[in-house]
Amino acid sequence: MPELPEVETIKRTLKERLTDLTIRGADILLPKIIQTPSPEEFCRLVVGKKILDVGRRGKYLLLSLSRGLVLVVHLRMTGQLVYTAPGAPRPKHTHLIFYLSNAHQLRYTDTRQFGRFWLVPAEKLQAVRGLKDLGVEPLSGEFTVDFLKKELKKRRTRLKPLLLNQTFISGLGNIYADEALHRAGLHPARQANTLTTAEAEALFRAIREVLEEGIASRGTSVRDYVDGTGQAGSFQEKLRVYGKSGQPCPRCGLAVARLRLGGRSTYFCPECQK
DNA sequence: AGTCAAACCTGGGCGC
DNA sequence: TGCGCCCAGGTTTGAC
């Protein structure tokens, strides 16, 4: 479900509401979503802790708790983390409920049950699989045209799978990768080390642009995504190619095509993307 | 290094 | 209505 703009929107909505609240209790309805420690230990450790901050790294949410603990959440495809008033009906597929000091709840709902939770001391964050090896944050100052040019030159893989590789750039997923490649005018199967300087610059701008616009629209709700208050985003209205095979490319009018690359559906315009 | 398929799950959409 | 198939904002693992 969520890529960088969605997780960022969730982070912002939750940070505003959860900061300074204390977790009074936790109900684990589906134990397998707790990656570490054991479900019993997880409950024991989390109860009584205050939420000091809510952050994001790539597609991971990081809730900083008192006593130096960090609650790490990855929503994978259909996970939703929603701040809810008490008494609100409990949706199907609710797997975890935190009871908060203001009587509200933080509920985790996940149809496909792929999402995972970790509760670790801040100094052991590297123990969270995937987190330690994350690549550069594309909206940070570390992500520069020079960095992108240099990295592209080193790699022989195709652009689409490369953009999905979280150890390269963290936060892009299937939607924003396709949208960035369309804006850059680059074919998703282009070999990374064949890009010209101008093409690398176009890709850099396109990645930045599409993520920033995604955040400004509060994410893409093509399916299940909602923010930390249960609200949908609106970037689905601005998509140019994702999920649009057969429909006219907004730039040239020719039909958008679909391709399978790296095991993922890939949408692109055969006319505009070379 | 890169590519691919399968695995983890439930549910929606479509053709018949 | 129902069955069977394909599809889905992600990641990991194991094989070639």
Side-chain angles (χ1 to χ4, degrees), chain A residues 1-11 29-36 56-61 72-81 91-95 108-118 128-135 138 151-181 188-194 207 210-211 213-215 217-227 232-246 258-267:
Chain A
M1 154 167 95
E3 307 178 31
L4 188 152
E6 289 74 42
V7 181
E8 178 64 23
T9 304
I10 294 167
K11 182 205 88 177
L29 282 4
L30 185 69
K32 73 170 180 187
I33 65 169
I34 310 296
Q35 199 74 10
T36 194
R56 176 191 65 75
R57 175 79 173 95
K59 300 174 192 171
Y60 292 80
L61 277 170
V72 181
V73 187
H74 198 302
L75 305 165
R76 296 283 172 89
M77 296 285 265
T78 52
Q80 301 176 333
L81 202 53
K92 202 174 167 185
H93 305 297
T94 299
H95 305 315
Y108 181 68
T109 302
D110 188 350
T111 307
R112 294 179 69 181
Q113 311 178 6
F114 289 166
R116 291 294 180 265
F117 285 70
W118 299 256
V128 176
R129 107 140 38 255
L131 194 54
K132 149 173 81 82
D133 299 320
L134 281 183
E151 289 296 319
L152 288 172
K153 205 161 286 176
K154 286 197 289 196
R155 306 183 191 237
R156 319 176 62 85
T157 185
R158 294 117 118 201
L159 290 177
K160 173 67 184 286
L162 181 59
L163 294 185
L164 292 181
N165 180 351
Q166 301 300 299
T167 68
F168 175 51
I169 297 172
S170 56
L172 284 170
N174 214 27
I175 295 179
Y176 295 95
D178 281 2
E179 293 295 313
L181 288 170
R190 264 291 283 285
Q191 199 174 299
N193 61 1
T194 66
I207 290 170
V210 84
L211 292 175
E213 289 179 25
I215 293 171
S217 295
R218 306 176 62 86
T220 304
S221 295
V222 96
R223 216 174 211 101
D224 306 285
Y225 164 72
V226 292
D227 69 17
S234 66
F235 196 67
Q236 64 279 9
E237 296 161 17
K238 308 219 170 102
L239 297 176
R240 300 185 187 174
V241 287
Y242 179 81
K244 297 192 182 292
S245 37
R258 179 173 170 270
L259 184 68
R260 194 162 276 275
L261 267 183
R264 312 295 303 277
S265 275
T266 300
Y267 302 90

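Order of the sequence lines sets the chain letters (A, B, ...), proteins ahead of strands, with each chain counted from 1.
Using a 4.0 Å heavy-atom criterion, one finds that R116(A) contacts no nucleic acid atom at all. Here G173(A) lies in heavy-atom contact (under 4.0 Å) with sugar-phosphate atoms only. K154(A) comes within 4.0 angstrom of nothing in the nucleic acid, heavy atoms only. Within 4.0 Å (heavy atoms only), Y242(A) reaches sugar-phosphate atoms of the nucleic acid but no base atom.
Look at CD on Q113(A): it is 18 Å from P on dT11(C), rounded to the nearest Å. At whole-Å resolution of the value, CZ in F114(A) and P in dC7(C) are 15 Å apart. We find that CG of D133(A) is positioned 11 Å from P of dT13(C), with the value rounded to whole Å. Distance CD1 (I33(A)) to C1' (dT11(C)): 16 Å, rounded to an integer number of Å. Between the CD1 atom of I175(A) and the P atom of dC7(C) there is a distance of 17 Å, given to the nearest Å.
Here the side chain of H74(A) is nearest to one of dG10(C), dT13(C), dA8(C), namely dG10(C).
First and last contacts of DNA chain B with chain A, using any nucleotide atom under 4.0 Å from a protein heavy atom and ordered 5' to 3', fall at dG2(B) to dG11(B).
Between F235(A) and Y176(A), a ring centre-to-centre spacing shorter than 6.0 Å is recorded.
Using atom C1' as the reference point in both dA1(B) and dG10(C), the two lie 22 Å apart (nearest Å). Of the P atoms belonging to dC6(C) and dA5(B), the separation is 14 Å, rounded to the nearest Å. Separating the P atom of dA7(B) from that of dC5(C) is a span of 16 Å, rounded to the nearest Å.
Where N174(A) and G130(A) each meet DNA chain C at their nearest nucleotide, the meeting point lying more 5' is that of N174(A). Map R223(A) and R155(A) each onto its nearest nucleotide of DNA chain B; the residue landing nearer the 5' end is R155(A). In terms of position on DNA chain B, the residue among R156(A) and H93(A) whose nearest nucleotide sits closer to the 5' end is R156(A).
With a cut-off of 3.5 Å on both pairing distances, the Watson-Crick and G-U wobble pairs of DNA chain B assemble into stems of 3 or more at B:2-8 with C:10-16, B:10-16 with C:2-8.
Applying the salt bridge (Lys or Arg N to Asp or Glu O under 4.0 Å) rule to K32(A) yields no partners; only residues at least two apart in sequence or on another chain are considered.
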